[in-house]
Amino acid sequence: MPFISTNVSIHVTNEQEMRLKARFGKAIEKIPGKSEAWLMCDFRDRCRLYFKGDNGQPCAFVQVKIFGRARGEAYDQLTAELTRILAEELSISADRIYIQYQECEYWGWNGRNF
């Protein structure tokens with residue numbers, strides 16, 4: 001049950017969004033037991049994001065939520081991959097991307113909790 005929410009300061013075309021979704025679907029596999037089959041993504045573009053007091057350069061804030069726990073090494077690999085994807089698809093510099101992780105003990109789906 002992973003969820004990836006992506007906020008970026010620039011415009012994202014429909015084509016870019018589809019590529020991001022597909023690539024995030026493969027990237028989530030860096031966390032053992034997670035796959036695109038259960039991945040939900042949210043994309044928000046043209047957000048008013050300021051990084052280091054500046055909004056003149058593209059930046060991104062990504063939140064990754066998962067049901068359960070993962071090892072630090074998996075998060076390290078996912079951070080590297082998500083950063084690479086955002087740099088390649090949206091030309092956002094790695095030093096202007098924050099990625100936050102949250103592990104959830106309870107996760108509801110289909111009228112019940114896991």
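The first residue of the sequence shown is numbered 1, and numbering continues consecutively from there. Keep in mind that this is a model prediction, so the values were computed, not measured.
For the pair Trp107/Lys65, a side-chain contact is recorded, criterion being any heavy-atom separation below 4.5 Å from C-beta on. No side-chain heavy atom of Met1 sits less than 4.5 Å from a side-chain heavy atom of Met40. Val62 is listed as a side-chain neighbour of Leu86, based on a closest heavy-atom distance under 4.5 Å. Residues Leu90 and Val8 meet the side-chain proximity criterion, which asks for heavy atoms closer than 4.5 Å. Side-chain contact between Tyr101 and Leu78: present, with at least one pair of heavy atoms (C-beta onward) separated by less than 4.5 Å.
Atom-to-atom distance recorded for Cys59:SG and Ile92:CD1 is 7.5 Å, nearest 0.5 angstrom. The CZ atom of Arg69 sits 13.0 Å away from atom CD1 of Ile31, with the distance rounded to the nearest 0.5 Å. The line from OG of Ser35 to NZ of Lys26 is 10.0 Å long, rounded to the nearest 0.5 Å. Taken from CG in Asp95 to CD in Gln57, the straight-line distance is 9.5 Å, to the nearest 0.5 Å. The CZ atom of Arg19 lies 9.0 Å from the CZ atom of Arg23; values are rounded to the nearest 0.5 Å. Rounding to the nearest 0.5 angstrom, the gap separating the CD atom in Glu29 from the CD atom in Glu81 is 10.5 Å.
For Tyr106, the side-chain hydrogen bond (donor to acceptor under 3.5 Å, both in side chains) criterion is met by no residue, not counting sequence neighbours.
Taking all atoms of both residues into account, the shortest heavy-atom contact from Val64 to Ile99 is CG2-CG2, 4.2 Å. In terms of heavy atoms, Asn55 sits closest to Leu49 at CB-O, 3.4 Å. Between Glu103 and Gly68, the shortest heavy-atom distance links the atoms CB-O, 3.1 Å. Taking all atoms of both residues into account, the shortest heavy-atom contact from Arg96 to Pro58 is NE-O, 3.1 Å. Residue Gly108 comes nearest to Asn113 through the heavy atom pair CA-OD1, 3.0 Å, listed as atom of the first residue, atom of the second, then distance. Nearest heavy-atom pair across Ile28 and Glu36 is CG2-N, 3.9 Å.
A continuous path of Ile, Leu, Val, Met, Phe, Trp and Tyr side chains, each step under 4.5 Å between heavy atoms, connects Leu39 with Ile85, placing both in one hydrophobic cluster. Grouping the Ile, Leu, Val, Met, Phe, Trp and Tyr side chains by contacts below 4.5 angstrom, directly or via other members, places Phe3 apart from Tyr75. Both Ile10 and Leu82 are assigned to one and the same hydrophobic cluster, defined by single-linkage of ILVMFWY side chains at heavy-atom distances under 4.5 Å.
Ring geometry for Phe114 versus Trp109: interplanar angle under 30°, hence parallel rather than tilted (30 to 60°).
Other residues, nucleotides and ligands contribute over 12 non-hydrogen atoms within 6.0 Å of the CD atom of Gln100.
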Worked verdict on Glu89 versus Gln16 for side-chain hydrogen bond (donor to acceptor under 3.5 Å, both in side chains): CA-CA 7 Å; Glu89 296 293 342; Gln16 288 172 316; over 6 Å; no

side-chain contact (heavy atoms from CB on, under 4.5 Å) assessment of Trp38 paired with Phe67: CA-CA 11 Å; Trp38 290 95; Phe67 174 62; over 6 Å; no

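With ring centers used as reference points, Phe24 lies under 6.0 Å from Phe43.
Between the Ser9 side chain and the Arg46 main chain, no donor and acceptor come within less than 3.5 Å of each other. Under a 3.5 Å cut-off, the side chain of Asp45 and the backbone N or O of Val12 do form a donor-acceptor pair.
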